[in-house]
2 protein chains.
Amino acid sequence: MAFAATDRPLKRGALARRFGCNIETIRYYENIALLPAPERTRSGHRIYSPADQTRLGFILRARELGFSVEELRSLLSLADSHEYTCGEVLTLTRGHLTDIRTRIKDLARLEHTLADISAQCEGGDVPHCPVMDALLKDG
Amino acid sequence: MAFAATDRPLKRGALARRFGCNIETIRYYENIALLPAPERTRSGHRIYSPADQTRLGFILRARELGFSVEELRSLLSLADSHEYTCGEVLTLTRGHLTDIRTRIKDLARLEHTLADISAQCEGGDVPHCPVMDALLKDG
DNA sequence: GTAGTCCCTGTAGTAGATACAGGTTCAAGA
DNA sequence: TCTTGAACCTGTATCTACTACAGGGACTAC
């Protein structure tokens, strides 16, 4: 995805295509106040300025990096303040990194357990299975 | 968690304590038909037989192994048929294992990207941050 | 004018639980 | 027997981060 702003206003559909996101996602971000309510045409169609587009790019990139919406709110409020320090951002980033590493560890443990159990399987038409045994046996 | 059935009926609270799960989870599994509707006392309290308990244990163990509820439905229907083969179970397990490995890879890529970016941070009171740059820059 | 595409709104659905309110019932002690 | 507090019942709301849909208005090209 490009996530690149244009130098002219765009409507919602064009914005979604430009940023490679779902059109409904944009309205969603407005609903939860990540994006400000944009200008409208007289008939009510949303018009996204270059600044709006840049902000959407920020949001989408942060989401691609796995930041949760709440973490993103913190990032945005830092960015909006124009007075953030590297230390503040780094603290948020490190917290997020810790979450990711925890998730990786949990999944790796899972993967290991499952691989171990299924390695004992013969497969085929045998009417008995180590995976089922593992699920059925009392711990 | 023990996930071990007793040889006597239990009410919902005792069952939850026994299996180390949330009491509401048991009702939830009944609602989505993973657990059958159990016997009731005359006044309507649920009574879980040893067989019900064994089934809950199966469900909780499968969830601990990361099987989704839908995968679990398949596993349970195999287990209920009493005619499953190792091959059938193995197919489900391998599909699940593939999912897990994909998730691990995605997270590892994320971790790598984030670690790379934040390694460029000086931290502290510096009013400039490579993480913010990465989020702000057009792709 | 009209056809087709876009956009608008509100609402519901997804996974997998968890929490809560408001009302019974149970079990133990006085 | 009465009372008190815990446990149980039901239905519904909440969470994350979207996505989808229905029913209608607007815009563009021919």
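Note on naming: letters A, B, ... go to the chains in the order of the sequence lines (proteins, then strands), and numbering restarts at 1 for each one.
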**Message:** Just to be sure I understand the geometry, which residues of residues 31-46 of chain B put a non-hydrogen atom under 4.0 Å away from DNA chain D?
**Reply:**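 Of all residues in residues 31-46 of chain B, the ones placing a heavy atom under 4.0 Å from DNA chain D are B/R40, B/G44, B/H45, B/R46.
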Below 4.0 angstrom, N of the basic side chain to O of the carboxylate: do [X] and [Y] qualify?
X: A/R55; Y: A/D80; answer: yes
X: A/E64; Y: A/R61; answer: no
X: B/E39; Y: B/R46; answer: no

Could you tell me how far apart [X] ([atom1]) and [N] ([atom2]) are, to the nearest whole angstrom?
X: A/N22; N: C/dC7; atom1: CG; atom2: P; answer: 12 Å
X: A/Y28; N: C/dG10; atom1: OH; atom2: C1'; answer: 16 Å
X: B/I59; N: C/dG16; atom1: CD1; atom2: C1'; answer: 13 Å
X: B/R12; N: C/dT18; atom1: CZ; atom2: C1'; answer: 12 Å
X: A/E24; N: C/dT14; atom1: CD; atom2: P; answer: 17 Å
X: A/K11; N: C/dC8; atom1: NZ; atom2: C1'; answer: 11 Å
X: A/L15; N: C/dC6; atom1: CG; atom2: C1'; answer: 14 Å

**Asked** Of all the nucleotides listed (C/dA17, C/dC20, C/dG10), which has the minimum atom distance to the side chain of B/R27?
**Response**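 The answer is C/dC20, which lies nearest to the side chain.
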**Item:** Residues A/S49, A/D52; criterion side-chain hydrogen bond (donor to acceptor under 3.5 Å, both in side chains); working and verdict
**Value:** CA-CA 5 Å; A/S49 69; A/D52 291 334; 3.2 Å; yes
**Message:** Using a heavy-atom cut-off of 4.0 Å across all strands, would you classify B/R63 as base, sugar-phosphate, or nothing?
**Reply:**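 It contacts sugar-phosphate atoms only.
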**Prompt:** If you look at every strand shown and take non-hydrogen atoms under 4.0 Å, does A/F67 touch a base, only sugar-phosphate, or nothing?
**Reply:** nothing
Separation of [Y] [atom2] from [X] [atom1] (nearest 0.5 Å):
X: A/L34; Y: A/E70; atom1: CG; atom2: CD; answer: 8.0 Å
X: A/S81; Y: A/L76; atom1: OG; atom2: CG; answer: 11.0 Å
X: A/L35; Y: A/Y29; atom1: CG; atom2: OH; answer: 8.5 Å
X: A/H96; Y: A/L75; atom1: NE2; atom2: CG; answer: 9.0 Å

**Where chain A begins and ends its contact with DNA chain D, read 5' to 3' at 4.0 Å from heavy atoms** =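 It runs D/dA17 to D/dC27.
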**Item:** Smallest separation among heavy atoms of B/A4 and B/R18, with atom names
**Value:** O-NE, 3.0 Å
**Item:** B/Y48 vs A/V69, nearer the 5' end of DNA chain D by closest nucleotide
**Value:** B/Y48
